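So the structure is just underneath, and the comments pick up after that.
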Amino acid sequence: MDLALLRTFVTVHRAGSFTRAAALLGLSQPAVTSQIRTLERQLGRPLFLRQARGVTATTIGDELAHRAAPHLDALVEIAETGLDEQSGVRTLHLAGPPEFTALRALPALTSLVGQGLAVRASFLGNTEEILDGLAAGHHDLAIATARPRGGLLVSTPLCDEEHVLVAAPRWAARLSPDVLLGEGAVVLEQLPVVEVHESLPFVSRYWASVFETKPAAAATVIAPDLRAVRDSAASGAGLAVLPRYLCEEALRQGRLVALLEPPVPPLRTYFLVARTGTLALSPLARAHEELLRAAGAW
């Protein structure tokens with residue numbers, strides 16, 4: 001069986017699209033289509049079902065991908081190792097949420113950078129976009145806030161992130177803890193809200209966990225970066241829901257105040273995700289191990 005055909009097949013399987021696979025391989029879409037048809041003729045079985053948007057692997061296609069992909073990745077690793085020995089540098093392509101990746105993941109990889117690892121980080125706020133990019137081969141390793149389904153990607157829980165409802169002291173001074181415990185959702189919705197998106201993802205998750213309801217308020221300030229949300233809330237723009245690690249210094253300094261301390265705080269789990277079969281490869285394996293080690297202290 002031609003390895004070039006298998007490489008094209010695995011790329012299509014990961015990308016979920018002939019068009020995206022062609023772009024990744026530097027080939028035309030007709031060339032990719034022709035190679036897949038040739039492989040299907042050789043096997044005597046269809047490998048993909050054509051959909052309105054992209055393709056879906058058949059059962060035999062999934063089985064072939066899961067058997068072939070690790071070996072193809074290993075061959076790529078061998079080839080890249082030869083090149084890297086000449087340059088002395090290995091490159092890891094990491095994707096994840098901007099704040100968590102910048103403040104936690106990248107500093108955790110510093111020791112590996114000192115050992116010759118090069119890192120290329122992509123900051124992406126959408127989990128689906130992160131996982132699609134990983135599956136398509138744009139990234140080697142990803143940090144996501146949802147566990148991927150299917151066998152193409154493998155995930156490991158990295159850490160839990162506690163969410164805190166905060167506001168500047170001038171807003172907190174107007175709120176009685178007893179009132180918040182009794183009518184918290186109603187009272188809080190009278191305050192301005194600072195969020196990362198109009199859909200209020202952090203506030204909605206907090207409201208569902210603590211108050212078992214949906215927020216009725218609309219955001220006053222929208223900033224698509226939690227660091228900007230934190231600083232806006234600290235300046236008095238309104239209440240916000242933030243990861244504790246991101247606001248704990250502002251809480252210590254008194255620039256922000258935790259409005260509630262529920263017995264069971266809302267949590268969000270981060271997952272470390274890679275393509276199946278690639279965790280045996282370096283530098284991905286070293287980065288994966290180092291991030292898991294560092295997460296023990298987060």
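Keep in mind it's a predicted model, so treat the numbers as computed, not measured. Computed over heavy atoms, backbone and side chain alike; hydrogens, waters and symmetry mates excluded.
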Spatial distance of atom CD (Gln35) from atom CZ (Arg7) [nearest 0.5 Å]: 9.5 Å
Nearest 0.5 Å, what's the CG-CD distance between Leu267 and Glu161? 9.0 Å
Gln29 atom CD, neighbour heavy-atom count above 12 within 6.0 Å: yes
Any idea which heavy atoms bring Ala144 and Val273 closest together, and the distance? CB-CG2, 4.2 Å
Between the side chain of His66 and the main-chain N/O of Asp62, is any donor-acceptor distance below 3.5 Å? yes
After noting the C-alpha distance and the side-chain angles of Val229 and Phe202, does the key distance pass the side chain to side chain contact (heavy atoms under 4.5 Å, CB included) rule? CA-CA 11 Å; Val229 171; Phe202 283 84; over 6 Å; no
Run the side chain to side chain contact (heavy atoms under 4.5 Å, CB included) check on Leu94 and Leu106 step by step: do they pass? CA-CA 9 Å; Leu94 175 69; Leu106 289 178; 4.2 Å; yes
Which pair of non-hydrogen atoms, one from Pro148 and one from Leu131, has the smallest distance, and what is that distance? CB-CD1, 4.0 Å
Counting C-beta onward and ignoring hydrogens, is there a side-chain heavy-atom pair between Arg286 and Leu92 closer than 4.5 Å? no
What's the shortest heavy-atom distance between Ala274 and Leu279, and which atoms? CB-CD2, 3.8 Å
Side chain of Ser232, backbone of Ala237: donor and acceptor closer than 3.5 Å? no
Got a second to check how far Leu3's CG is from His71's NE2, nearest 0.5 Å? 11.5 Å
Please report the closest heavy-atom contact between Pro169 and Gly254, naming both atoms and the distance. CG-O, 3.1 Å
Heavy-atom closest pair (Ala15 atom, Ala21 atom, distance to 0.1 Å) is CB-N, 3.9 Å
Would you check if the side chain of Glu40 reaches a backbone N or O of Leu47 as a donor-acceptor pair within less than 3.5 Å? yes
Verdict with reasoning, Gln42 to Leu39, per side chain to side chain contact (heavy atoms under 4.5 Å, CB included): CA-CA 5 Å; Gln42 291 179 3; Leu39 187 57; 4.0 Å; yes
Do Arg104 and Leu158 pass the side chain to side chain contact (heavy atoms under 4.5 Å, CB included) test, and can you show the C-alpha distance, the side-chain angles, and the key distance before you say yes or no? CA-CA 11 Å; Arg104 294 227 149 159; Leu158 183 60; over 6 Å; no
Hydrophobic cluster membership, with links at side-chain heavy-atom distances under 4.5 Å among I/L/V/M/F/W/Y: are Leu188 and Tyr206 in one? yes
With side chains defined as the heavy atoms from C-beta onward, is the minimum distance between Asp140 and Thr278 less than 4.5 Å? no
What about Phe123 and Leu226, same hydrophobic cluster or not, with Ile/Leu/Val/Met/Phe/Trp/Tyr joined at side-chain heavy-atom distances under 4.5 Å? yes
Any side-chain heavy atom of Arg252 within less than 4.5 Å of one from Glu248? yes
Gap between atom OG of Ser111 and atom CD of Glu290 - 0.5 Å precision: 3.5 Å
How about Glu249: does its CD atom have over 12 heavy atoms from other parts shown lying under 6.0 Å from it? no
Determine yes or no for a side-chain-to-main-chain donor-acceptor pair under 3.5 angstrom, with Arg275 supplying the side chain and Leu134 the backbone. yes
Quick one: does any side-chain atom of Glu195 pair with a main-chain N or O of Ala219 as donor and acceptor, under 3.5 Å? no
Identify whether Val257 and Leu191 are in the same connected component of the hydrophobic contact network (ILVMFWY, side-chain heavy atoms under 4.5 Å). no
If we only count heavy atoms from C-beta on, is the Leu239 to Val193 side-chain gap below 4.5 Å? yes
Could you tell me whether a side-chain N or O of Ser204 sits under 3.5 Å from a main-chain N or O of Pro201, the two making a donor and an acceptor? no
Could you tell me whether Glu212 atom CD has more than 12 heavy atoms of other residues or ligands within 6.0 Å of it? no
Can you check whether Pro30's main-chain N or O pairs, donor with acceptor, with Ser34's side chain at less than 3.5 Å? no
Are the aromatic rings of Trp298 and Tyr270 close, with centres under 6.0 Å apart? no
Is the Phe9 ring parallel, tilted or perpendicular to the His13 ring (thresholds 30°, 60°)? tilted
Would you say that Thr58 contacts Leu49 through its side chain, given a criterion of any heavy-atom pair below 4.5 Å between the two side chains? yes
Are Val210 and Leu165 close enough that some pair of their side-chain heavy atoms sits under 4.5 Å apart? no
Should Leu256 and Leu242 count as side-chain neighbours, where that means a heavy-atom distance under 4.5 Å? yes
Output for pair (Leu43 CG, Thr38 OG1), nearest 0.5 Å, gives 11.0 Å
With distance as the sole test, does Arg205 use its side chain to make a donor-acceptor pair with the main-chain N or O of Pro266 at under 3.5 Å? no
Ile36 with Leu64, same ILVMFWY side-chain cluster at under 4.5 Å: yes
Cluster question for you: counting only ILVMFWY and a side-chain heavy-atom cut-off of under 4.5 Å, with indirect links fine, are Ile222 and Leu246 together? no
Given 3.5 Å as the limit, does a donor-acceptor pair link the side chain of Arg45 with the main chain of Ile60, or not? no
All heavy atoms of Ala95 vs all of Leu124, minimum pair found to be CB-CD1, 4.3 Å
Would you compute the distance between atom CZ of Arg170 and atom OG of Ser235 and round it to the nearest 0.5 angstrom? 8.5 Å
Check whether any side-chain heavy atom of Ile143 lies under 4.5 Å from a side-chain heavy atom of Pro97, and answer yes or no. yes
Is it true that, when you exclude Arg50 itself, more than 12 heavy atoms of the residues, nucleotides or ligands shown sit nearer than 6.0 Å to its CZ? yes
